[in-house]
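In what follows, every heavy atom counts, from backbone to side chain, and hydrogens, waters and symmetry copies are set aside. What you see is a predicted model; the values in this text were computed from it and never measured.
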Amino acid sequence: MEFSATLFRCCSRAFVAGYARWPIFGELPGSVAVIRRGDLYLLQWRNDGLGWAFPGGTAWPGESAEHTLRRELREETGLRIHSCQRLFTYPDHAYIPSRISVFTACAEGEPRPSWEGRPEWRSLPADPFFLSHLPILAFLQSHLPPR
């Protein structure tokens, strides 16, 4: 797993550096899953060193936001989504120009690590947190009932 984590770190950092400078396709669409188990959320420690993030990723050309969500969650965590609902979409330019669709999701299976990172059930906020997902964190914190 160490080699694949290093490979992901290099690929991710190279892509971010290049696309941030030359965004030839404009804002890239992406999807993110918010999956909750009691007071815990499924977060992923990113192997590129950019912190804790909600699982998800960038769409393939012509791929719908929901299909992206299902594919990325399966690739990153091994989980299969059985239901989801879009919460909101927001533009993000923290690393690269992107437009992120955020879904709540129910999934089955046990999370497993991938070359992109290590999923864990964690409470919010987790530190350090992936900059592109701070708007999701703010949304959840403002919409969660007090404990």
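In this structure, Ser98 contributes its side chain and Ile100 its backbone to no donor-acceptor pair below 3.5 Å. In this structure, Asp92 contributes its side chain and Arg99 its backbone to no donor-acceptor pair below 3.5 Å. A donor-acceptor contact shorter than 3.5 Å links the side chain of Ser142 to the backbone of Phe139.
With Trp52 as the aromatic partner, Arg46 does not meet the cation-pi criteria of under 6.0 angstrom to the ring centre and within 45 degrees of the ring axis.
The minimum heavy-atom distance between Thr68 and Gly57, with the atom names listed, is CG2-O, 3.6 Å.
Neither Leu124 nor Leu40 shares a network with the other; the hydrophobic side chains, linked directly or stepwise wherever heavy atoms of I, L, V, M, F, W or Y lie under 4.5 Å apart, form separate groups for each.
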Query - Verdict with supporting geometry, Leu131 and Leu50, side chain to side chain contact (heavy atoms under 4.5 Å, CB included) - result: CA-CA 8 Å; Leu131 294 178; Leu50 296 177; over 6 Å; no

Query - Audit row: Arg118, Gln44, side chain to side chain contact (heavy atoms under 4.5 Å, CB included) steps and yes/no - result: CA-CA 5 Å; Arg118 181 186 77 244; Gln44 182 164 348; 5.7 Å; no

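Glu63 has a carboxylate O that lies under 4.0 Å from a charged side-chain N of Arg71, or vice versa, which qualifies the two as a salt bridge. The residues Glu110 and Arg112 are annotated as not salt-bridged, no charged nitrogen and carboxylate oxygen being separated by less than 4.0 angstrom.
To the nearest 0.5 angstrom, Ile81 atom CD1 is 11.0 Å from His67 atom NE2. Here the CG-CD distance, from Asn47 to Glu76, works out to 10.5 Å after rounding to the nearest 0.5 Å.
The distance between the ring centers of Phe103 and Phe54 does not fall below 6.0 angstrom.
Using modelled atom types, one finds a donor on one side chain and an acceptor on the other under 3.5 Å when comparing Arg86 with Ser101.
Tyr95 and Phe130 have parallel rings, their planes meeting at less than 30° on a 0 to 90° scale where 60° marks the start of perpendicular.
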